[in-house]
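Atoms within each ligand, like the ligands themselves, are counted from 1 in listed order.
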Amino acid sequence: MAAAAVVKHTFLVSTVKMKHLCKETQVTVVNGQLPGPVIDVTEGDTVAVHVVNKSPNNITIHWHGVRQWLNCWADGVPMITQRPILPKHNFTYRFNVSGQEGTLWWHAHVSCLRATLHGALIIRPRHGAGSYPFPKPHKEIPIIIGDWWQKDLRKVAWNMAHDSFGDFPSASTINGKLGDLFNCSGTPEDGYELHMEPGKTYLLRIINAGLFFEFYLKIAGHKFKVVASDANYVSPFTTDVIAIAPGETMDALVVADAPAGRYYVVAVPTQPPLPDPQVEAHATRAIVQYSNTHSPGSGAAVAGGDQSCEEDDDDVPVAPQMPDEHDTLRSFYFHGNLTGLPHRRPSPVPLQVDERMLITLGLGSVCRRGQSCTTGVHGKGILVASMNNISFEPPTMKTTPLLEAHYFHTGDIDAMPEFPDWPPRLFNFTDRGLTPWGPKEMEVERASKATAVRRFRHGAVVEVVFQNTAILQSDSNPMHLHGHDMVVLAQGHGNYNATKDVASYNLVNPPWKNTVLVPNLGWVAVRFVANNPGVWFVHCHFEFHLTMGMATVFIVENGSTVETSLPPPPENFPTRAAEDNLVPDEFYIKTKKTEASYK
Ligand code: C2O
């Protein structure tokens, strides 16, 4: 058993040029790498990451899924938990990873920039790999699914925040590589290669860091045994396909038990069901290469291979049969198969509920500032995404971050509207008749913009039912709660019906998740214990939904003791003193002059 350590990293954030598909693109990355560095720690360690911002953007880094127990200050959400780290400024995040094991990740919490600012955060058991609730794997390998954008992501963010859509990634990636489904004037792009020794077991730590898509992942000729998700163990189950939404992580064992050869690893983005608008999406692939098979072009057996292979057909890897991109049911059942491991759960399943919320998720419209409008999104309104018809208005750079305002009792929070426990009206939420624009849809789409917050007394057990709607579209929504894991009690299609659906709750071995996928035209019921004091963001992990306002803030009050209260901010916490160097809120402004000053 190793003693708890302080694991230190320096993250140098800068803008570099990377070339794919014959085109150089400016990307903002950590330490020049995409994906960024892996933070590899042992449960109980302290992590100190010194962020040096040499990029022209305001930056914060969020440690996705880390509980941040009594440490909301390190959660890294701009203007919610901290002022952003301005260009030419530094900040050190300090947090410990206690009571959690498995795969998490980190990413910039700046609109769209997380597409290139992210990496894995792996928490190993304190008592070594021997204490996994599964046989010790031969090797552990992060598999990060992401996107490659040929556009300036700052512009994409600006467009999304200004009612202009139509920017899509140019490619999907596995561990930063596009793979051979993409080519640059005939030359295939590099793909990720996973080398396996026959008979050995590998633990893949799979992360969806993409902005837009849920993915189906398969490896030809192999099966996965899913053993954990969102840094919580699950009862192992075997599947040939993994469904993973943005923000989620899945740990899966793969045994190299296929005949010697080469196998494609394919990730296919899913599309919302028709007649929803379809978006440009691209599959990507990597290769599993057995050590007893030669790689094409090498002309010789790779070390460890006694059986040299003479046949050339080994050169063409075996491809898996992928699910249809519209097959939402596979994902529904995959997620339904996740159950907790009772003897390894973080805490008991909360049984007494103190607060109940029903939160609808969907699109809608608001009027332009200072204008009135009556005709919804096809008239003068602006298309937004909302929760209970409130579209989150992020606090501007000119205000005090919410956590600071909360901690110092500035009164700013008291002036904010309360996020409602219920949608403004009940209707048939999943009625497909709401998808096309028209009178029916217009009746229910109206939203308002607000920085709405919901306060919880310390220790309250909160049950939330996330209900998707069919307003204008029927996307699923990966909902992420900061600072707490949620137990996932049940999911279903159609409208949640309390009297009937409570009977389907799994109170015995529900999975614990920080990101729950609310199925298309369906709902998910979760519970969490509001016992981590602070100001916590709750939002959809689809970037365009988040930017359009599918977010809110949960405030957990202090308990009655010092041990249950939020300590003061850490030293060198970004303060208003830096205001002189303030980058304007809308740092994505499109003017030529501003563009030029970024170069
Ligand atoms: Cu991974 Cu608030 O995000």
Side-chain angles (χ1 to χ4, degrees), residues 30 35-36 39 49 58-68 71-82 84 93 95 97 100 102-123 142 144-147 153 157 160 205-215 229-232 244-250 359 361 385 387 392 394-395 401-403 451 453 466 477-486 513-518 526 528 532 534-556:
V30 167
I39 297 186
V49 182
N58 295 343
I59 296 291
T60 64
I61 307 284
H62 170 57
W63 317 94
H64 179 115
V66 173
R67 287 286 311 274
Q68 300 292 7
N71 193 31
C72 188
W73 302 106
D75 198 41
V77 189
M79 300 315 289
I80 308 278
T81 64
Q82 69 168 98
Y93 289 93
F95 53 92
V97 284
Q100 293 184 285
T103 307
L104 296 173
W105 58 301
W106 57 266
H107 61 80
H109 218 299
V110 178
S111 187
C112 293
L113 290 185
R114 76 172 174 85
T116 54
L117 281 164
H118 62 249
L121 196 166
I122 294 165
I123 309 172
I144 304 183
I145 303 172
D147 326 306
L153 286 160
M160 282 202 296
R205 298 175 174 276
I206 306 159
I207 299 166
N208 184 346
L211 300 188
F212 274 26
F213 303 108
E214 182 186 359
F215 281 87
S229 177
D230 293 4
N232 286 297
I244 185 166
E248 286 190 296
T249 73
M250 299 288 163
I359 301 179
L361 310 168
M387 297 172 63
F392 188 72
L402 300 190
L403 182 59
T451 312
V453 301
F466 290 111
N477 291 293
M479 296 304 294
H480 174 48
L481 170 62
H482 288 212
H484 301 78
D485 281 346
M486 307 170 266
K513 300 269 294 165
N514 64 56
T515 306
V516 298
L517 184 64
V518 188
V526 301
F528 68 96
N532 192 7
V535 174
W536 304 104
F537 210 23
V538 188
H539 61 90
C540 179
H541 224 281
F542 283 136
E543 200 69 5
F544 62 111
H545 283 175
L546 169 56
T547 310
M548 290 164 69
M550 195 180 286
T552 188
V553 167
F554 285 175
I555 299 181
V556 177

Nearby protein N/O/S atoms (those under 2.8 Å) for atom 2 (Cu) of ligand 1, with water ignored: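 The answer is His109 NE2, His482 NE2, His539 NE2.
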Heavy atoms, side chains only, cut-off 4.5 Å: are [X] and [Y] in contact?
| X | Y | result |
| --- | --- | --- |
| His109 | Ile80 | no |
| Leu117 | Val30 | yes |
| Trp63 | Gln68 | yes |
| His482 | His539 | yes |

Aromatic plane relationship, Phe542 with His545 - under 30° parallel, 30 to 60° tilted, over 60° perpendicular: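 Plane angle over 60°, so perpendicular.
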Residues which pass ring pair (Phe, Tyr, Trp, His ring centres under 6.0 Å) with Trp536, listed by chain and number, not counting sequence neighbours: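 His484.
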